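First comes the structure, then the notes that go with it.
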Amino acid sequence: MSKFITIDALCQLVEEKQFAAARAFLLACNPADVAELFSELPDAALVLLFRVLPKEVAAEVFSHLDSDVQQRIVEGITDKELATIVDELFFDDTIDFIEEMPAGIVKRVLAATDSATRSQINQLLQYPEGSAGSLMTLEFMELRRDETVAEAIADIRGSRDKKETIETCFVTSPTKLLEGSVALQDILLADDSTKIIELADPEICKVGTLDDEEQVVEVFKKYDLYTLPVVDREDRLVGVITLDDVVDVMEEQATEDIYKMNAVSPADDSYLKTSALTLAKHRIVWLLVLMISASITGAIIRRFDEVLSSMVLLAAYIPQLMDTGGNAGSQSATMVIRSLALGDIAPKDALVVLRKEFAVSLLTGSVLAVVNFGKLLLFDRVGVLVAVTICASLFCTVIIAKICGGLLPIIAQKLKMDPAIMASPLITTIVDAVSLMIYFVLATTILHIH
């Protein structure tokens with residue numbers, strides 16, 4: 001059967017009750033691709049096709065589905081089938097699923113699980129959203145410090161289907177204190193009689209259950225980890241965080257920063273699933289703030305209306321000045337915000353950033369001013385003094401813009417605010433006001449306009 005089967009063809013197989021053919025096709029696909037297909041199916045076909053999958057495959061497909069599709073499936077299956085799905089899911093995927101579901105479905109899930117699983121679920125749900133505890137899984141490979149390699153291999157073989165990852169095993173004391181980690185490769189290559197503690201690396205990165213998810217991401221990036229142990233206040237091992245969960249966090253953080261950098265409040269759902277009213281609510285606050293702050297620019301223009309009346313030509317170059325300043329500031333802000341996010345710079349590097357942005361502004365401002373001076377004289381045919389006024393204003397504006405763009409995100413982080421707030425729209429508004437002040441002051445000074 002063609003791997004490029006259409007949604008209509010898949011629905012046709014369901015209508016004709018050719019479930020064996022549909023099952024064969026779905027099993028030939030990657031679970032992530034099956035999840036993508038399921039997201040476009042009508043409810044009746046979705047539930048039927050989900051039921052024809054083996055329970056292991058069904059659970060993996062379920063973990064890739066968006067929360068709304070998961071809800072559609074849960075609402076169409078029995079409690080027994082739901083219990084089977086939850087039993088096959090890795091624990092962190094179960095938590096992610098439960099956190100997105102309405103209360104009625106959460107009650108069904110908890111009722112369908114055994115008491116031990118229910119207790120573990122309730123424990124993880126108590127951790128604050130965005131903490132390391134809320135990201136971790138309880139399905140990791142834990143080895144006792146005093147067991148031998150032969151015993152450890154037997155333990156790994158006996159639990160390989162119940163653990164999310166076995167590539168790295170974590171060594172604990174009888175009181176569950178984390179004492180180190182050991183790679184599966186090292187265990188397989190060691191003598192059977194060797195004690196696990198002899199193979200363990202005591203220098204291990206770890207985070208606490210209440211540590212922020214951003215700190216978790218930084219640790220993963222800094223040390224190129226695939227798994228990260230999570231410990232409680234007594235340094236007892238309680239779970240591990242895997243790379244796939246961190247990738248999800250990184251995507252959420254990047255999306256949130258992009259929204260904030262463009263003056264939009266972050267949304268919980270995707271664009272197509274968010275109503276127009278909700279989108280408007282997420283945008284209107286910042287639009288109001290920027291509109292009101294932009295009134296400062298209007299006040300400056302009114303303050304110098306006599307200057308513009310005396311030489312109307314100056315008004316023609318206000319958009320050029322403001323746009324260039326806004327673009328220059330946005331360039332610096334984008335680079336600094338990204339560097340802050342990656343940990344390349346910190347608030348203590350403010351003076352270094354100031355010096356670098358000042359040097360960049362001198363170079364870029366000089367080039368822009370010289371090119372613009374030639375354009376004004378050769379093409380626009382303005383007077384020399386007018387050209388000098390415009391270009392000097394442009395030069396000063398670029399310097400101010402790049403310094404603001406470089407320092408404001410650092411100041412925001414120092415004040416425990418999100419640096420992304422100090423991005424394009426806000427910096428552009430600030431630079432617009434400053435550039436106009438510079439422009440009119442230089443015009444009154446150089447052109448002797450009063």
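As the structure is a computational prediction, the values presented were derived from the model and not from experiment.
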Indicate whether any N or O donor in one side chain lies under 3.5 Å from an N or O acceptor in the other, for Glu357 and Ser332.
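Judged by distance alone, the side chains do pair up.
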Look up atom [atom1] in [X] and atom [atom2] in [Y], then write down how far apart they are to the nearest 0.5 Å.
X      : Y      : atom1 : atom2 : answer
Phe140 : Phe170 : CZ    : CZ    : 8.0 Å
Phe90  : Thr94  : CZ    : OG1   : 10.0 Å
Ile241 : Thr137 : CD1   : OG1   : 10.0 Å

Surrounding [atom1] of [X] (heavy atoms of other residues, nucleotides or ligands, distance under 6.0 Å), is the total greater than 12?
X      : atom1 : answer
Arg338 : CZ    : no
Glu251 : CD    : no
Lys414 : NZ    : no
Met335 : CE    : no
Glu36  : CD    : no

With sequence neighbours excluded, give me every ring pair (Phe, Tyr, Trp, His ring centres under 6.0 Å) pair touching residues 293-336.
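The answer is Phe304-Phe440.
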Donor-acceptor under 3.5 Å ([X] side chain, [Y] main chain):
X      : Y      : result
Tyr439 : Leu314 : yes
Ser173 : Leu177 : yes
Glu139 : Phe91  : yes
Asp349 : Val352 : no
Asn372 : Ala369 : no
Gln70  : Phe62  : yes
Asp66  : Asp68  : no

Who are the salt bridge (charged side-chain N to carboxylate O under 4.0 Å, His left out) partners of Asp380, not counting sequence neighbours?
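Residues passing salt bridge (charged side-chain N to carboxylate O under 4.0 Å, His left out) with Asp380: Lys375.
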If you apply the rule side-chain hydrogen bond (donor to acceptor under 3.5 Å, both in side chains), what do you find for Thr242 with Asp245, and how did you get there?
CA-CA 6 Å; Thr242 53; Asp245 295 312; 3.0 Å; yes
Cationic N near anionic O, under 4.0 Å, Glu142 to Lys176
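Looking at Glu142 and Lys176, the cut-off is met.
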Under 4.0 Å between a Lys/Arg side-chain N and an Asp/Glu carboxylate O for Glu179 and Arg145?
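Result for this pair is yes, salt bridge flagged.
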For Leu368, all residues meeting side chain to side chain contact (heavy atoms under 4.5 Å, CB included), sequence neighbours excluded:
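Counting only residues at least two positions away or on another chain, Leu368 forms a side chain to side chain contact (heavy atoms under 4.5 Å, CB included) with Thr324, Leu394, Val398.
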